[in-house]
Amino acid sequence: IDDLKTDLPFQDEFLERHQPQSVLCLPILYQGALVSIVYLQNQSTRGVFTGDRILVLNFLCSQAAISLENARLHSEEQEKAHILAQSQQRLQLLIQQSPVAVTEWNTDFEFTSWNPAAEHVFGYSAAEMIGQHFSYLIAEEYRAHVDNAAHQILDQSGGTYEVIENVTKDGRRIICEWFTAPMLDVE
């Protein structure tokens, strides 16, 4: 709009009060959807927004649309990461406060986590057990059976439920129920 002369059917108090000489409104579109609007005005000069300038401004609007979308996606990813971190923190708290022994092994069957209940049941601290092979707790006569069950877990043919004798730090034999399942990477 130059000198407030337009065929567009609108009345605007702001424009009539401030009397800009040049006004331009451009949509910021991302994949055809309106994201925002750019409003530009010049108080002192008519005809500021020439075809060449509008072409450059349209290019800048398309870049702005991409930047706004990237900012939106980045914000969503940050929110997802925050929710995931909170979920992991809650899970860790549940594991640490569980009255049931919860342990985790890597694919070499070495303990990678050992909660306080496991310390109470078996008598070993987490520091003593992290890195130890799981057979460290298994009574000798059960080791072949447990090795087979462990390999079924690695083959991802399902979790297992076993009732076996385990050996505590002080040498006692205790009967334990083991529920084991692979923790699979979704990728």
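Bear in mind the structure is a predicted one, so any value in this text is a computation, not a measurement. Sequence positions, counted from 1, serve as the residue numbers for this chain.
Clustering ILVMFWY residues whenever any of their side-chain heavy atoms sit less than 4.5 angstrom apart, transitively, puts Val102 in a cluster other than the one holding Phe122. When hydrophobic clusters are built by joining Ile, Leu, Val, Met, Phe, Trp and Tyr residues whose side-chain heavy atoms come closer than 4.5 Å, directly or via intermediates, Ile175 is grouped together with Phe179. Hydrophobic clustering, with ILVMFWY side chains joined whenever heavy atoms are under 4.5 angstrom apart, groups Ile174 together with Val146. Follow the hydrophobic side-chain contacts under 4.5 Å out from Ile164 and you never reach Val167; the two are in separate clusters.
Legend: residues meeting ring pair (Phe, Tyr, Trp, His ring centres under 6.0 Å) with Tyr136, ordered by chain and number and at least two apart, are Tyr124. Listed by chain and number, the residues in a side-chain hydrogen bond (donor to acceptor under 3.5 Å, both in side chains) with Gln31 amount to none (sequence neighbours excluded). Applying the side-chain contact (heavy atoms from CB on, under 4.5 Å) rule to Leu84 yields the partners Gln88; only residues at least two apart in sequence or on another chain are considered. In this structure Pro116 satisfies the side-chain contact (heavy atoms from CB on, under 4.5 Å) test together with Gln96, sequence neighbours excluded. For Glu165, the salt bridge (charged side-chain N to carboxylate O under 4.0 Å, His left out) partners are Arg173, not counting sequence neighbours. Taking the side-chain hydrogen bond (donor to acceptor under 3.5 Å, both in side chains) definition, one finds that Ser98 meets it with nothing, sequence neighbours left out. Remark: Phe109 engages Phe134, His151 in a ring pair (Phe, Tyr, Trp, His ring centres under 6.0 Å) (not counting sequence neighbours). Among residues two or more places apart in sequence or in another chain, the side-chain contact (heavy atoms from CB on, under 4.5 Å) test is passed with Ser113 by Glu104. Considering only residues two or more places apart in sequence or on other chains, Glu177 meets the side-chain hydrogen bond (donor to acceptor under 3.5 Å, both in side chains) condition with Tyr161.
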For this session: Please lay out, stage by stage, how Phe49 and Val23 fare under the test side-chain contact (heavy atoms from CB on, under 4.5 Å).
Result: CA-CA 8 Å; Phe49 304 113; Val23 174; 5.5 Å; no
For this session: Could you check Leu137 against Phe111 for side-chain contact (heavy atoms from CB on, under 4.5 Å), going step by step and ending with a plain yes or no?
Result: CA-CA 11 Å; Leu137 297 176; Phe111 288 105; 3.7 Å; yes
For this session: Please lay out, stage by stage, how Tyr30 and Leu68 fare under the test side-chain contact (heavy atoms from CB on, under 4.5 Å).
Result: CA-CA 9 Å; Tyr30 183 76; Leu68 289 169; over 6 Å; no
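When all heavy atoms of Gln21 and Gln43 are compared, the closest pair comes out as CG-O, 3.1 Å. Taking each heavy atom of Ala117 and Ala101 in turn, the nearest pair found is CB-N, 3.7 Å. Across every non-hydrogen atom of Thr168 and Val121, the tightest pair is CG2-O, 3.8 Å.
For Glu119 (side chain) and Ala126 (main-chain N/O), a donor-acceptor pair under 3.5 Å exists by modelled atom type. Here the side chain of Asn115 pairs no donor or acceptor atom with the backbone of Leu94 at under 3.5 angstrom. Ser22 places a side-chain N or O within 3.5 Å of a backbone atom of Gly47 that can act as its donor or acceptor partner. Side chain of Asp170 to main chain of Arg172: a donor-acceptor pair is present (N/O by atom type, distance under 3.5 Å, no hydrogens or angles).
For the pair Leu29 and Val35, the minimum side-chain heavy-atom distance is 4.5 Å or more. No side-chain heavy atom of Ile28 sits less than 4.5 Å from a side-chain heavy atom of Ile37.
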Distance-only check: which donor-acceptor pairs under 3.5 Å involve side-chain atoms of residues 56-64, not counting sequence neighbours?
unit_1	atom_1	unit_2	atom_2	d
Asn58	ND2	Ile54	O	3.4
Ser62	OG	Phe59	O	2.6

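Between the CG atom in Leu40 and the CZ atom in Arg53 there is a gap of 11.5 Å [rounded to 0.5 Å]. Atom CG of Leu26 and atom OH of Tyr39 lie 12.5 Å apart (nearest 0.5 Å). With rounding to the nearest 0.5 Å, the separation of NZ in Lys169 from OG in Ser125 is 6.0 Å. A distance of 13.0 Å separates CD in Gln132 from OG1 in Thr103, rounded to the nearest 0.5 Å. A distance of 12.0 Å separates CD of Glu79 from NE2 of His74, quoted to the nearest 0.5 Å. Taking CG of Leu93 as the start and CD of Gln89 as the end, the distance is 7.5 Å to the nearest 0.5 Å.
Between the side chains of His82 and Gln78, not a single donor N or O lies within less than 3.5 Å of an accepting N or O.
The salt bridge (Lys or Arg N to Asp or Glu O under 4.0 Å) contacts involving residues 81-96 comprise nothing, where partners must be two or more places apart or lie in separate chains. Residues in residues 65-77 take part in these salt bridge (Lys or Arg N to Asp or Glu O under 4.0 Å) pairs, two or more places apart or across chains: Glu69-Arg72, Arg72-Glu76, Glu77-Lys80.
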